[in-house]
Colleague: 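A single structure is presented below for examination.
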Amino acid sequence: MSFLDQLNPQQREAVETVQGPVLILAGAGSGKTRVITYRIAHLIEHLGAMPESILAVTFTNKAAAEMVGRVDKIVGGLSIAKPVISTFHSFCVRLLRRDVEALRIPSTTLGAPPIGLTKNFVIYDESDQQSLVKSIMRRLGIDDKQTTPRAVLSHISWAKNHMLDPQEIYLQSNDPTTEKVSHIYAEYRKELLKANAMDFDDLLLEAVRLLKAAPEVRDYYSRRFHHVLVDEYQDTNRPQYELMRLLAGERHNVCAVGDEDQSIYSWRGADIRNILEFEKDFPEAKIVRLEQNYRSTQNILQAASAVVANNVRRKGKNLWTSRQGGAKIGYYEAPDGENEALFVADWIARYLREGTDGKEKPRAAVLYRTNSQSRLFEEAMRRYQLKYHVVGGFSFYDRAEIKDLISYLKVVQNPDDSISLMRVINTPVRGIGKTTIEVLERLALETGLSLWGSVGEAIQRQLLPARACAALKSFQDLIEDARAMLGGTYAQRLAETATTDEGAVAPAAVELNDQISFDPTIFDFGAMEPEEESPATEVEKIEGFPEPGSAGTADILKFLIDRTGYIKLLEEEDTPEAFSRVENLHELVNAAMDSRDRGETLDQFLDHAALVSDADAYDEQAQITLMTLHAAKGLEFPLVFLCGLEEGLFPHSRTFNHPDDIEEERRLCYVGMTRAMDTLVLSRATYRRRYGTDLPEASIPSRFLEEVPAVLIEEVGGRSGRTSRQPRPQEYDSGDTHYSYEDEDQSVSWRQPSVQAKPKSAPSAPKYNSIENIAEFFASRGKRFTLPKVPVEAPTGRRGFRPGQKVRHPKYGEGTVYQREGEGEETKLTVQFPRFGLKKLVEKYAQLEAV
DNA sequence: CCCTGGTCCCAACTT
DNA sequence: GGGACCAGGG
């Protein structure tokens, strides 16, 4: 026996019990990940299980990726087939992309397509959900001040996580607000269906519904997966739990790993009963407890255990460590938030200078309750010139320009996605204004068509003024041309599935003996087959494409950017912000190219964009990481700061009313403390500014501070100056407005107005030379391809100014006309002013004079 | 029709 | 610190 020898007896038992249900109660730092990986390796290497028959579900994509790597290290050489390791949500998306149409029901209208979601559904993120709820509320005439869309959504999400439908909510409601919510919820569901879209919660719900409703689908998966492992089991909600049971089938070979003391997602529907009552649902379950902690010193462990011991709802356990003693828990009381941050930065700076005896790579984490606390720490780190990483907060895919183009792609993938359509229909501005959109919305409401459908209808029936119609037509052409690029197998696949009606399910290729052949091109769980067989290959064979495989996501994206002039317009803005946006877009194109190299189709690219989480951005190489306590789950650091220990902040004021919520805050505190390997420092600010402008408010120490035994605590950096090791607060006068060098540099380049801004080198330099390929492609199909508009020589009217002409503006002074757009009343001139940069002016209004 | 600037209100955690 | 919304000017 090989790797199993590295395990302690309990871990070994957890790894070797492979028949029937097992619940592993794994305390913090007890080698949980190791147990899961070794269990998978054991199944494959010693028991001859087929890798692809193993399914492991983790909490984040990052954790999944790491587990894949670890398993690979042990059994990598054995087979090309890999176990499926993924998050619940990613797993469900793949499952639904393959089989969701089994849920469709025949339409009552003869000849109409069946009702239900189709394979090219899109995923709605939080802002999509918000827009949708807002528009529903507007339509129903519900005041969004009293009942905010946000509150409605959280109610809906709560309902979904508890698997309640609108009717059930309605029946349970005993107040007018909940009643209203149930109405909105019902409408919301209808709209999602109409848009062929699902929200995050739906991914789980629909997967469960699918497995329950379609026996042949359930069969497929129960044949495929013989072993199911669930990580972070304490944070599973009802739908996830059901999914697990359905996948475990009759074999009951399910292994759940969790720690009830680390359950921190009840607000997302995580049901602690799933872990407390596992034995009820699986009576034959074996329980294994892992109680040896390999991470922290005894002091840290004792302190954390003492805090969480105040909770009532827990199974209770005795964690122990062989790392006796250790440094005491540091406690620092800062005068205010700025000082707290500077204290932390100072400590980290010293820590990094001094190093850690070389045995462990120096890494520190700053943990806080709310994302908004990160700002102070970021400023402090910059002032100390420390490189840091922030997990969470604003992510790449949250940026406006990225969302815009993702929305375009979503519309290309599924034009019925009205929320995305709405986002891009006039972005960048193309003359489709409020009135036009209102007409379209009314039309959609009257006809039952989607917004996209009513665009077509409005054009065909000339329901709008000629100008608006023209603008709509150009938008329609844009989307249709982009959709034509999807082409080939992909579109065919969509078309085919759209016509296989009568609710008939095309069963997957399944043979009835144990040697099952799966259809990897449809249900590709990653690296199951050599690359040559990936879907991309089929796309490549389609006639009419300029080059094999070139009309992938990246090309569609480039096409959209070119044709809309999105980047060009940004470049014309000529501001640092605009350029950083351009860079972000280049980054997006790169991501799309990578996606193509992996052989992914557009839907897979979009799924990825929708499902990357903040926690996935964690970089284990970073020396300093700032993040929320939630994001820190599963990680460990030699040095940990737990900041803002104040009543109202942590525990958060919103939890005061409910004892269960306070217990969850306490578990969160436990999670935070147990991230520390060697040193743990707690801190609090005696005065804290709540929002930028308000006066600082005095704070009360968090109750969790008092729950740490006093003997384990040592005050550090205190005003009493007990230890000179730590800086005194006075050294940091946070009152002055001096910024670090970096900031000064930034502000300099910032302030510099675009004096020497030179007019951008004439019409659209071919940044993306693919445009020629695309033109050829269209030509080869006998379609016309319109190149992005190039400024045309203006027909000089009485007052017409031409590009190149010198003009004078009452406010901006002398300048040179750079570009002329539009006709008549709407003529716009882009003029380059030496002191003010490029300005776009309406000729009619701008009082220009020829010079 | 679009853009700007002012004002008001909000501010947990996240797949 | 910032997003949403509105009024007013070009």
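Labels below follow one simple rule: chain letters A, B, ... track the order of the sequence lines, proteins then strands, and each chain is numbered from 1.
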Colleague: Considering every strand and a 4.0 Å limit on heavy-atom distances, what is the contact class for Asp201(A): base, sugar-phosphate, or nothing?
Modeller: nothing
Colleague: Using a 4.5 Å cut-off on heavy atoms from C-beta on, say whether the side chain of Tyr265(A) contacts that of Asn237(A).
Modeller: no
Colleague: Set out, line by line, the N/O atom pairs under 3.5 Å between protein and nucleotides 3-6 of chain B.
Modeller:
none

Colleague: Is it true that the side chains of Asp199(A) and Tyr188(A) contain a donor and an acceptor less than 3.5 Å apart?
Modeller: yes
Colleague: How long is the line joining CD of Glu438(A) and C1' of dC1(B), in whole Å?
Modeller: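 Atom-to-atom, Glu438(A) to dC1(B), this comes out as 14 Å.
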Colleague: Nearest nucleotide by nearest heavy atom, which residue falls closer to the 5' end of DNA chain B, Asn426(A) or Thr60(A)?
Modeller: Asn426(A)
Colleague: Any side-chain N or O of Arg369(A) under 4.0 Å from OP1/OP2 of dC13(B)?
Modeller: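 Looking at the OP1 and OP2 atoms of dC13(B), neither is under 4.0 Å from any side-chain N or O of Arg369(A).
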Colleague: Identify, between Gly433(A) and Arg654(A), the residue whose nearest nucleotide on DNA chain B lies closer to the 5' end.
Modeller: Gly433(A)
Colleague: Identify whether any heavy atom of Gly392(A) sits under 4.0 Å from a base atom; if not, whether one sits that close to sugar-phosphate; answer base, sugar-phosphate or nothing.
Modeller: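 It contacts nothing in the nucleic acid.
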Colleague: So if I take every side-chain heavy atom of Lys134(A) and compare against dC5(C), dA12(B), dT14(B), which nucleotide ends up nearest?
Modeller: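 Closest of the options to the side chain of Lys134(A): dC5(C).
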Colleague: Measuring from the side chain of Thr436(A) (C-beta onward, heavy atoms only), which nucleotide among dC1(B), dT14(B), dT15(B) has the closest atom?
Modeller: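 Ranking dC1(B), dT14(B), dT15(B) by closest atom to the Thr436(A) side chain puts dC1(B) first.
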Colleague: Checking all strands, does Glu665(A) fall into the base, sugar-phosphate, or nothing category for heavy-atom contacts under 4.0 angstrom?
Modeller: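 The answer is base, as Glu665(A) lies within the cut-off (heavy atoms under 4.0 Å) of a base atom.
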Colleague: Would you classify Thr435(A) as touching base, sugar-phosphate or nothing, given that sugar-phosphate means primed atoms plus P, OP1 and OP2, and contacts are heavy atoms under 4.0 Å?
Modeller: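 The residue Thr435(A) makes sugar-phosphate contact but no base contact.
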Colleague: Output all residues satisfying salt bridge (Lys or Arg N to Asp or Glu O under 4.0 Å) with Arg688(A), sequence neighbours left out; order by chain, then residue number.
Modeller: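 Per chain and number, Arg688(A) pairs via salt bridge (Lys or Arg N to Asp or Glu O under 4.0 Å) with Glu340(A), Glu646(A).
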Colleague: Name the closest nucleotide to the Thr87(A) side chain, picking from dT15(B), dT14(B), dC1(B).
Modeller: dT15(B)
Colleague: Could you check which of dA12(B), dT15(B), dT14(B) has an atom nearest any side-chain atom of Tyr265(A)?
Modeller: dT14(B)
Colleague: Using centres under 5.5 Å plus planes under 30 degrees as the test, is Phe59(A) stacked with dT15(B)?
Modeller: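 One would not call Phe59(A) stacked on the dT15(B) base.
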Colleague: Within this structure, what is the CD-to-P distance between Glu206(A) and dT15(B), rounded to whole angstrom?
Modeller: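 The distance from CD of Glu206(A) to P of dT15(B) comes to 21 Å, rounded to the nearest Å.
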